[in-house]
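Reading through the structure tokens given below for one structure.
It should be emphasised that the depicted structure is a prediction, and the values quoted were computed from it without experimental measurement. Counting starts at 1 for both ligands and their atoms, following the listed order. Residue indices begin at 1 and follow the sequence shown.
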Amino acid sequence: MKLGFLAVTTLFLCEWAAAMPLDGKALYQENCASCHGPTGMGGAGPKLVGDASEWTPKLFERAVLRGIDDQGKALKTPMPHWEKGSFKTDKGAAPSKAEVDAIQHHLHALK
Ligand code: HEC
């Protein structure tokens, strides 16, 4: 009885977490702002607002996850190739496209 209740509660909590909208602003602040600036206007890395924020999601995902820019050129260090890494709150799991899209939406909204 008790175990059944626990299993149902756990299932419910997992589904609830999966349905939560991703916080693109928090993801950006935690993982990108140190190089691209708190408002995406650039720093050690290039400005993203009004530039990469306007790329197609496919190109933006490719740049962030695989380090290839909109011209097909390899992005140099220190830009991380995120598919080999993990966002800070993801505990080692590789970033999902949905997370990358949420970051791009945040940057697009900053324009
Ligand atoms: C340690 C510093 C650093 C971090 C952290 C970082 N970047 Fe970068 N990023 C760079 C640098 C430097 C470049 C430019 C590389 C080049 O031109 O070869 C770059 C380039 C890019 C580009 C291509 C921009 C263009 O116009 O060509 C995108 C898109 C990008 N970063 C997104 C992100 C996102 C999203 C995050 C967070 C998930 C992030 N970066 C985290 C340093 C960083």
Nitrogen or oxygen contacts under 3.5 Å, ligand 1 side and protein side:
from     : atom 1 : to  : atom 2 : distance (Å)
ligand 1 : 7 (N)  : H36 : NE2    : 2.8
ligand 1 : 9 (N)  : H36 : NE2    : 2.8
ligand 1 : 18 (O) : K76 : N      : 2.7
ligand 1 : 31 (N) : H36 : NE2    : 2.9
ligand 1 : 40 (N) : H36 : NE2    : 2.8

Nearest heavy-atom approach of Y28 to P38 is CE2-O, 3.9 Å
Residues in salt bridge (charged side-chain N to carboxylate O under 4.0 Å, His left out) contact with K84, at least two apart in sequence or another chain: none
Hey, quick one: are L65 and I68 part of the same hydrophobic cluster, counting side-chain heavy atoms closer than 4.5 Å, chains of contacts allowed? no
Enter the distance from [X]:[atom1] to [Y]:[atom2] here, rounded to the nearest 0.5 Å.
X: H106; Y: L27; atom1: NE2; atom2: CG; answer: 9.5 Å
X: Q29; Y: T39; atom1: CD; atom2: OG1; answer: 8.5 Å
X: E30; Y: D23; atom1: CD; atom2: CG; answer: 8.0 Å

